[in-house]
K.L.:
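For reference, the structure I am asking about is given below.
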Amino acid sequence: MSAVELLRAELTRAARGLGATDPIETVLDRPRDPAFGDWTTNLAMVLAKPLGMKPRDLARALIAQGDWTRAGVRIAEVAGPGFINFRLETAAVAGRIPEILQAGAAYGRSETGKRTAVVVEFVSANPTGPLHVGHGRQAALGDAVAALLEWTGWAVSREFYYNDAGVQIEKLAASVHARIVEDAGGGLQIPDGGYHGEYIGEIAEQYTAGHPGDRHGRDTDRVREFAVAALRAEQDQDLKAFGVRFDTYYLESSLYTDGLVDETVQALRDGGDTYENDGALWLRTTAFGDDKDRVMRKSDGTFTYFVPDIAYHVTKWRRGFRRAINVQGSDHHSTVTRVRAGLQALRIGIPEGYPEYVLHQLVTVVRGGEDVKLSKRAGSYVTVRDLIDDVGRDAVRYFFLMRRADSQLSFDVDLARTQSEENPVYYVQMAHARMSGIFRVGGIDAAGITGEGVAIDLLSEADELELINALADFPAAVQAAADALEPHRMTTYLHDTAELAHRWYHRHHVLGEAPALTAARLTLARAAQIVLGNGLTLLGISAPERM
RNA sequence: GCGCCAGUAGCUCAGUUGGAUAGAGCAACAGCCUUCUAAGCUGUAGGUCGGGGGUUCGAUUCCCUCCUGGCGCGCCA
């Protein structure tokens with residue numbers, strides 16, 4: 001048992017001794033101020049009412065009741081309105097280091113997900129243009145959520161769903177066709193709602209060059225397929241540049257060709273929540289919490305996008321994914337209730353909260369203090385490629401992950417690039433590089449540091465114990481971020497931990513101290529290097545050994 | 001009008017699921033390089049946690065209400 005578990009067990013035992021009845025929920029937190037100790041509990045305040053005692057009196061009684069030395073406690077004291085603060089023996093704090101060294105690159109991983117299959121769907125951009133900054137935020141978020149779930153023991157599949165058959169694709173094809181006609185000497189007629197970016201002209205040129213026999217783009221199927229392939233290839237390049245890989249690309253068109261759309265419609269009818277009205281087929285989604293019923297099949301006989309959406313999520317369930325997480329822009333939030341309602345109407349045992357959603361707010365790009373709204377190639381929006389080329393992949397990832405998904409994000413290009421000295425991503429990377437530098441300069445193999453035979457209780461300075469506590473909290477930080485599906489908790493954790501590492505590095509020397517002290521501090525430097533490196537790697541950000 | 005999300009330092013944003021004196025980065029001011037990277041460290045200043053009620057030992061956090069901003073509200077996707 002770790003020191004915390006021993007402490008919790010002893011607290012619970014003490015509470016029982018004073019007459020508290022089960023269940024006793026004993027919560028141990030890190031105090032706000034490290035000067036208060038290593039751990040704190042509000043147990044006395046929680047139990048004050050049921051036990052009919054004043055919180056501070058109860059806290060004193062709890063302290064008197066427990067055997068604290070067994071849990072490695074040096075000082076237990078009452079503070080504030082009734083907190084009990086615990087200061088552990090130095091050896092109990094420093095004793096956490098060997099497990100970090102031993103786990104190495106796996107430190108922070110757990111098996112709480114029990115290898116259960118979960119699909120994380122993100123980006124899912126239609127192949128009608130280059131990826132924009134919103135897709136970039138989604139790529140960073142989705143990839144990080146997937147990684148968090150992997151780290152906590154889920155069997156994760158990253159999935160990209162794309163619409164290769166709808167109205168938007170026809171508009172893309174018509175837009176490219178218009179450019180081909182223009183290149184061949186005809187007038188330019190881009191259709192209503194068509195695409196105007198420069199990339200359309202580039203694709204038209206490539207098509208003409210590759211298809212000399214069809215200078216006027218009369219083979220519309222071929223033009224469409226060419227355009228879709230070209231844009232998919234470009235999106236793939238962008239994602240590759242961003243370091244994101246998908247396990248599956250799911251084509252919307254396959255839902256039709258495989259008969260899943262028809263099957264879903266039939267299943268919904270069998271479920272009994274459909275009705276015909278005004279020549280259309282409706283689903284009574286209001287029976288499942290929606291604010292209005294939804295049309296499934298329009299009076300012209302075609303389906304609304306909502307039907308393949310349901311069919312698609314049925315495939316996720318059928319493919320064995322007991323959790324499905326969708327990362328989407330909050331402009332799609334109205335589909336949440338709708339999709340869930342559709343799945344419930346099927347009555348096939350899909351849980352009510354399926355799928356889960358991580359919705360993110362829009363991204364604005366700021367450069368020189370002003371909003372940037374256009375890119376050269378795409379015309380109407382800023383592309384993720386623009387950002388990567390500008391500030392680098394690590395900074396783009398970090399900046400997209402720094403904030404909660406549901407807060408609007410202002411991406412300051414100047415901060416991410418020009419003022420690289422004050423850049424938060426470099427701050428964390430630098431802390432890692434400094435730890436690495438100690439081993440490089442000392443000519444020491446970092447991976448060979450095991451802590452065996454080292455007097456780690458020589459690590460007794462207040463700021464090194466504080467750093468050790470932070471490092472020991474890494475697995476809990478990963479777990480909390482994964483449970484909440486909130487990657488920004490990791491950037492916050494990493495920044496805080498990097499600060500402690502920088503401070504420790506600045507105040508204390510590792511190399512050249514008395515041999516026993518140097519050996520002890522090397523274990524801490526190695527532990528910090530492992531945690532910072534693992535955290536950055538988890539988020540898809542490089543952890544350089546030198547900068 | 002209805003629904004969802006947000007409102008915290010001059011700016012951009014955290015706040016450990018209800019805890020102690022509300023934090024970070026940037027911007028401002030003052031210090032620190034003979035020693036493992038100064039891409040760093042130390043200090044100062046900066047706040048009606050949008051307003052008002054409520055719940056309780058205790059609220060930035062939960063509930064109600066109002067104000068402001070973003071996004072939705074189609075037989076579009």
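Computed from a predicted model, the values in this text were never measured in an experiment.
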K.L.:
Any idea if B/U8 is syn or anti, going by the 90°-from-0 cut?
P.N.:
anti
K.L.:
When you get a sec, tell me which of B/C41, B/C71, B/U17 is the closest nucleotide to the side chain of A/Leu362?
P.N.:
B/C71
K.L.:
With sequence neighbours left out, write down each residue that passes salt bridge (charged side-chain N to carboxylate O under 4.0 Å, His left out) with A/Arg96, or none if nothing qualifies.
P.N.:
A/Glu99
K.L.:
Across the strands shown, which category fits A/Arg503 at heavy-atom distances under 4.0 angstrom: base, sugar-phosphate, nothing?
P.N.:
sugar-phosphate
K.L.:
Give every residue pair that meets the salt bridge (Lys or Arg N to Asp or Glu O under 4.0 Å) criterion with at least one member in residues 296-315 of chain A, sequence neighbours excluded.
P.N.:
A/Glu276-A/Arg297
K.L.:
May I ask you to decide whether A/Arg232 forms a salt bridge with A/Asp164, counting only side-chain N to carboxylate O separations under 4.0 Å?
P.N.:
no
K.L.:
Please measure how far the P atom in B/U34 lies from the corresponding atom in B/G50, and state the result in whole Å.
P.N.:
47 Å
K.L.:
Can you measure A/His488 atom NE2 to B/U17 atom C1' for me and round it to whole angstrom units?
P.N.:
12 Å
K.L.:
Assign B/C64 to syn or anti; the rule is syn for a glycosidic angle within 90° of 0 and anti otherwise.
P.N.:
anti
K.L.:
Using a cutoff of under 3.5 Å, can you pull out all pairs of nitrogen or oxygen atoms linking the protein to nucleotides 75-77 of chain B, with atom names and distances?
P.N.:
from	atom 1	to	atom 2	distance (Å)
B/C75	O2	A/Ser299	N	2.9
B/C75	O2	A/Ser299	OG	2.9
B/C75	N3	A/Ser299	OG	3.4
B/C75	N4	A/Asp278	O	2.9
B/C76	OP2	A/Lys298	NZ	2.9
B/A77	OP2	A/Tyr305	N	3.2
B/A77	O3'	A/Asn163	ND2	2.9
B/A77	N6	A/Tyr305	OH	2.7

K.L.:
Rounded off to whole Å, could you give me the CG-to-C1' distance for the A/Leu532 and B/A39 pair?
P.N.:
15 Å
K.L.:
For A/Tyr493 and B/G25, give me the distance from atom OH to atom P, rounded to whole Å.
P.N.:
18 Å
K.L.:
Expressed as a whole number of Å, how far does the P atom of B/C29 sit from that of B/U35?
P.N.:
27 Å
K.L.:
Provide the full list of salt bridge (Lys or Arg N to Asp or Glu O under 4.0 Å) pairs with a residue in residues 467-496 of chain A, sequence neighbours left out, each pair given once.
P.N.:
A/Arg30-A/Asp473, A/Glu486-A/Arg489
K.L.:
Distances under 3.5 Å only, N/O to N/O: pair up the protein atoms with those of nucleotides 59-62 of chain B.
P.N.:
none

K.L.:
Sticking with atom P, work out how far B/C62 lies from B/C5, rounded to a whole angstrom.
P.N.:
11 Å
K.L.:
Fit a plane to each ring of A/His495 and A/Tyr427, take the angle between them on a 0 to 90° scale, and name the class: parallel (under 30°), tilted (30 to 60°) or perpendicular (over 60°).
P.N.:
parallel
K.L.:
On a whole-Å scale, what distance lies between the C1' atoms belonging to B/C73 and B/U12?
P.N.:
31 Å
K.L.:
For B/G25, is there a stacking contact with A/Tyr427, counting only centres under 5.5 Å and planes under 30°?
P.N.:
no
K.L.:
Quantified in whole Å, what is the C1' atom distance between nucleotide B/A14 and nucleotide B/G51?
P.N.:
24 Å
K.L.:
Return yes if some donor-acceptor pair links the side-chain N/O of A/Tyr493 with the main-chain N/O of A/Val478 below 3.5 Å, else return no.
P.N.:
no
K.L.:
Among A/Phe306, A/Tyr256, A/Tyr161, A/Tyr305, find the one that has a ring pair (Phe, Tyr, Trp, His ring centres under 6.0 Å) with A/Tyr312.
P.N.:
A/Tyr161
K.L.:
Closer than 4.0 angstrom, basic N to acidic O: yes or no for A/Arg224 and A/Glu170?
P.N.:
yes
K.L.:
What residues, two or more places apart in sequence or in another chain, satisfy side-chain hydrogen bond (donor to acceptor under 3.5 Å, both in side chains) together with A/Glu252?
P.N.:
A/Asn163
K.L.:
Counting N and O atoms only, with roles assigned by atom type, does the side chain of A/Thr112 sit under 3.5 Å from a partner on the main chain of A/Thr152, one being a donor and the other an acceptor?
P.N.:
yes
K.L.:
If you count the non-hydrogen atoms of other residues, nucleotides and ligands that lie under 6.0 Å from CZ in A/Arg546, is the total more than 12?
P.N.:
no
K.L.:
Rounded to the nearest angstrom, tell me the gap between atom CG in A/Asn42 and atom C1' in B/U17.
P.N.:
13 Å
K.L.:
Round to the nearest Å and state the distance from A/Met490 atom CE to B/A14 atom C1'.
P.N.:
15 Å
K.L.:
Quick one: which residue pairs count as a side-chain hydrogen bond (donor to acceptor under 3.5 Å, both in side chains) with a foot in residues 46-56 of chain A, not counting sequence neighbours?
P.N.:
none
K.L.:
What does nucleotides 4-9 of chain B look like as a protein-contact string, B for base, S for sugar-phosphate only, - for none, at under 4.0 angstrom between heavy atoms?
P.N.:
BSS---
K.L.:
If a pair satisfies salt bridge (Lys or Arg N to Asp or Glu O under 4.0 Å) and one of its residues is in residues 521-537 of chain A, list it, with sequence neighbours excluded.
P.N.:
A/Glu464-A/Arg521
K.L.:
Which part of the nucleic acid, if any, lies within contact of A/Leu409, taking any heavy atom under 4.0 Å across all strands shown: a base, the sugar-phosphate backbone alone, or nothing?
P.N.:
sugar-phosphate
K.L.:
Is A/Thr304 reaching over with its side chain to a backbone N or O of A/Val295, donor-acceptor style, under 3.5 angstrom?
P.N.:
yes
K.L.:
Starting at NE2 of A/His495 and ending at P of B/A39, how long is that distance when rounded to a whole Å?
P.N.:
16 Å
K.L.:
Between B/A30 and B/C11, how many Å separate the two P atoms, rounded to a whole number?
P.N.:
23 Å
K.L.:
Does the pair A/Arg397/A/Asp394 count as a salt bridge with the N-to-O cut at 4.0 Å?
P.N.:
no
K.L.:
Between A/Glu121 and A/Lys316, is there a side-chain N and carboxylate O pair less than 4.0 Å apart?
P.N.:
yes
K.L.:
Starting from C1' on B/C13, measure out to CG on A/Asn423 and report it in whole angstrom.
P.N.:
15 Å
K.L.:
Which pairs pass salt bridge (Lys or Arg N to Asp or Glu O under 4.0 Å) with one or both residues in residues 502-512 of chain A, sequence neighbours excluded?
P.N.:
A/Asp463-A/Arg507, A/Glu499-A/Arg503
K.L.:
What class does the angle between the rings of A/Phe399 and A/Phe411 fall in, given that below 30° is parallel, 30 to 60° is tilted and above 60° is perpendicular?
P.N.:
tilted
K.L.:
With side chains defined as the heavy atoms from C-beta onward, is the minimum distance between A/His360 and A/Ser407 less than 4.5 Å?
P.N.:
no
K.L.:
Please classify the nucleic acid contact of A/Thr302 as base, sugar-phosphate, or nothing, using heavy-atom distances under 4.0 Å.
P.N.:
nothing
K.L.:
Give A/Ala480 one of three labels, base, sugar-phosphate or nothing, depending on what nucleic acid heavy atoms sit under 4.0 Å from its own.
P.N.:
nothing
K.L.:
Is RNA chain B part of any stem, that is, at least 3 consecutive Watson-Crick or G-U pairs with both distances under 3.5 Å, and where?
P.N.:
B:1-7 with B:67-73, B:10-13 with B:23-26, B:28-32 with B:40-44, B:50-54 with B:62-66
K.L.:
In whole Å, what is the span from the CG atom of A/Asp290 to the C1' atom of B/G72?
P.N.:
12 Å
K.L.:
Taking the C1' atom of each, how far is B/A20 from B/A59, in whole Å?
P.N.:
14 Å
K.L.:
Select base, sugar-phosphate, or nothing to describe what A/Asp483 touches, counting heavy atoms under 4.0 Å on all strands.
P.N.:
nothing
K.L.:
Can you identify which nucleotide, out of B/A20, B/U56, B/A14, has its nearest atom closest to the A/Arg403 side chain?
P.N.:
B/A14
K.L.:
Taking B/A24 as the reference, what is the distance to B/A6 when you measure between their P atoms (whole Å, please)?
P.N.:
24 Å
K.L.:
What one-letter contact string describes nucleotides 30-38 of chain B from 5' to 3', where B marks a base within less than 4.0 Å of any protein heavy atom, S marks contact via sugar-phosphate atoms alone, and - marks no contact?
P.N.:
-----BBBS
